[in-house]
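Working notes, beginning with the structure itself.
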Amino acid sequence: PVVIGPMNGGLDYPPAFRRRSPLIERLFMSAGRWSASALNRLIPGKRRAAFLLVANALTRRSLPAGVCTRIIELVENGVDLSVWRPDGRSEAASKSQAVTFLFLGRLVALKSVDLLLLALQRAAREASIRLVIAGDGPERARLQALADELGLTAAAEGPGGVTFKGWLSQAEAAEQLRLADCLVLPSVHDCGGAVVLEAMCVGKPVIATAWGGPMDYLDDSCGVLVPPTGREELIQGFADAMIRMARSPQMRQAMGERGREKARAEYDWEIKVDRMLEIYRRALGPEAPAQPPPPTSPGARTAPR
């Protein structure tokens, strides 16, 4: 028996942001979707599979006609709780007079960090906030030039400023999350968005675009989702959310605690491994081996995974 997935795809840009997608990419995606049904007949894996695993309902709707009807929704991303853990603030962070928002990710056009800089400029007029951008990519030079133009780099470490950290290792990225007060993800085309789960594990609230992967993870108890109805609306929506978050440490704490609880309960890799093993046993049918018994003594151990 074959289990395919978790698959993740079928995501378009929001209608108001379609032009952010290069023309060649749009043509390629259209051709791929048009030919999916024909390819499914030539390559019958999805028709003959025991189960298909999809990350969300959008991916389920995007499957070609005639595939296996035994479909299970299973988010593809997970988190390692030993890496993404809350450790409290460092001394350096505690001296900051501004609430720190963090963007963590690759600097490419679809992440819409340029709109985040415009939102920061507006929000800084109403609240004491700063932005840290951790990551690298082809958009970095343009974003730094925009930050200079908006006057955001003059006070990089203080209120109303932005700091570019560049590429970070996983350990350094986790530390930046621990130092921040809130994660911001203005991406308009993220099928996954694992950084949202990482922030939740560290106990940080999240402000993200209401599109793609973040909508699978976040709810009102642990974050704010900003509808991408237009460029101006997205900028103002992020600015408003940042102001609200900056003005209410109680809201940040409550959302962070709820996000951590949710991430531990649903997205820990150990929990996801257990669910995958159960799916494999279902695929094998009645001949599947039984779950190994629990240890019978303090020194006994089950077989390693």
Could you report the tightest heavy-atom contact between Gly9 and Ser62, atom names first, then the distance? O-OG, 4.3 Å

Any chain of hydrophobic side-chain contacts (each under 4.5 Å) joining Leu116 to Leu150? yes

Is the count of non-hydrogen atoms from other residues, nucleotides or ligands lying under 6.0 Å from Arg48 atom CZ greater than 12? no

To the nearest 0.5 Å, what is the distance between CG on Leu102 and NZ on Lys165? 10.0 Å

Can Ile243 be reached from Phe103 by stepping across I, L, V, M, F, W or Y side chains whose heavy atoms are under 4.5 Å apart? no

If two hydrophobic side chains count as joined below 4.5 Å and joins carry through other members, does Leu11 share a cluster with Phe17? no

Assess the residue pair Val54 and Leu74 against the criterion (side-chain contact (heavy atoms from CB on, under 4.5 Å)); give the C-alpha distance rounded to whole Å, side-chain angles, the decisive distance to 0.1 Å, and a yes or no. CA-CA 6 Å; Val54 296; Leu74 180 69; over 6 Å; no

Common cluster, Leu183/Trp167, ILVMFWY with side-chain heavy-atom separation under 4.5 Å: no

Do you know the tightest heavy-atom contact between Ala119 and Ile235? CB-O, 3.4 Å

In the single-linkage hydrophobic clustering (I, L, V, M, F, W, Y; side-chain heavy atoms under 4.5 Å), do Val196 and Val83 co-cluster? yes

Heavy-atom side-chain contact between Leu131 and Thr163 under 4.5 Å: no

Do Leu177 and Glu172 come within less than 4.5 Å of each other through their side chains, counting heavy atoms only? no

Considering only residues two or more places apart or on different chains, which pairs with a residue in residues 65-79 satisfy salt bridge (Lys or Arg N to Asp or Glu O under 4.0 Å)? Arg60-Glu73

Which heavy atom of Val99 sits nearest a heavy atom of Ala246, and at what distance? CG2-O, 3.8 Å

Any side-chain heavy atom of Pro186 sitting closer than 4.5 Å to one from Leu115? no

Establish, from distance only, whether the side-chain atoms of Gln144 and Asp148 form a donor-acceptor pair under 3.5 Å. no

Closest approach of Arg260 to Trp84 (non-hydrogen atoms, all atoms of both residues): NH1-O, 4.1 Å

Is there a donor-acceptor pair under 3.5 Å between the side chain of Arg106 and the backbone N or O of Lys111? no

Please assess Glu126 against Arg247 for the test side-chain contact (heavy atoms from CB on, under 4.5 Å), listing each intermediate value before the final yes or no. CA-CA 9 Å; Glu126 306 290 334; Arg247 288 177 174 174; 3.7 Å; yes

How many angstroms lie between atom CZ of Phe51 and atom CD1 of Ile72, to the nearest 0.5 angstrom? 5.0 Å

Can you give each donor-acceptor pair under 3.5 Å made by side-chain atoms of residues 214-223, sequence neighbours left out, with the distance rounded to 0.1 Å?
| residue | atom | partner | partner atom | Å |
| --- | --- | --- | --- | --- |
| Asp216 | OD2 | Asn56 | ND2 | 3.0 |
| Tyr217 | OH | Asn77 | ND2 | 2.9 |
| Tyr217 | OH | Gly192 | O | 3.0 |
| Asp219 | OD1 | Ser221 | N | 2.8 |
| Asp219 | OD1 | Ser221 | OG | 2.4 |
| Asp219 | OD2 | Lys262 | NZ | 3.1 |
| Ser221 | OG | Arg258 | NE | 3.4 |

When rounded to the nearest 0.5 angstrom, what distance separates CG in Leu234 from OG1 in Thr229? 8.0 Å

Closest non-hydrogen atom pair between Gly160 and Ala124, with its separation: CA-CB, 3.8 Å

OG/Ser112 to CG/Leu117 distance, rounded to the nearest 0.5 angstrom? 11.0 Å

Taking the side chain as every heavy atom from C-beta outward, state whether Val206 and Val224 have any atom pair closer than 4.5 Å. no

Counting N and O atoms only, with roles assigned by atom type, does the side chain of Thr209 sit under 3.5 Å from a partner on the main chain of Trp211, one being a donor and the other an acceptor? no

Stepwise, does the salt bridge (Lys or Arg N to Asp or Glu O under 4.0 Å) test hold for Arg275 with Glu278? CA-CA 5 Å; Arg275 188 165 183 207; Glu278 177 57 32; over 6 Å; no

Donor-acceptor contact below 3.5 Å, side chain Arg47 vs main chain Val67: no

Step by step, would you call Glu198 with Lys204 a salt bridge (Lys or Arg N to Asp or Glu O under 4.0 Å)? CA-CA 9 Å; Glu198 292 160 358; Lys204 304 299 179 179; over 6 Å; no

All heavy atoms of Ala55 vs all of Asn8, minimum pair found to be CB-CG, 3.8 Å

CG (Leu225) and CD1 (Ile207) are apart, to the nearest 0.5 Å, by 10.5 Å

Going by heavy atoms in the side chains, are Arg85 and Arg178 under 4.5 Å from each other? yes

Working for salt bridge (Lys or Arg N to Asp or Glu O under 4.0 Å), residues Arg122 and Glu232: CA-CA 12 Å; Arg122 297 184 188 184; Glu232 175 62 26; 2.7 Å; yes

Determine, for Asp114 against Arg142, whether the closest basic-nitrogen to carboxylate-oxygen distance falls under 4.0 angstrom. yes

I'd like to check Phe164 versus Leu143 (side-chain heavy atoms, cut-off strictly below 4.5 Å). Are they in contact? yes

Is there side-chain contact between Ile271 and Glu266, with heavy atoms separated by less than 4.5 Å? no

Quick one: does Gln176's side chain get under 4.5 Å of Leu104's, heavy atoms only? no

Distance in Å, Leu53 CG paired with Met276 CE, rounded so as to fall on 0.5 Å steps: 5.0 Å

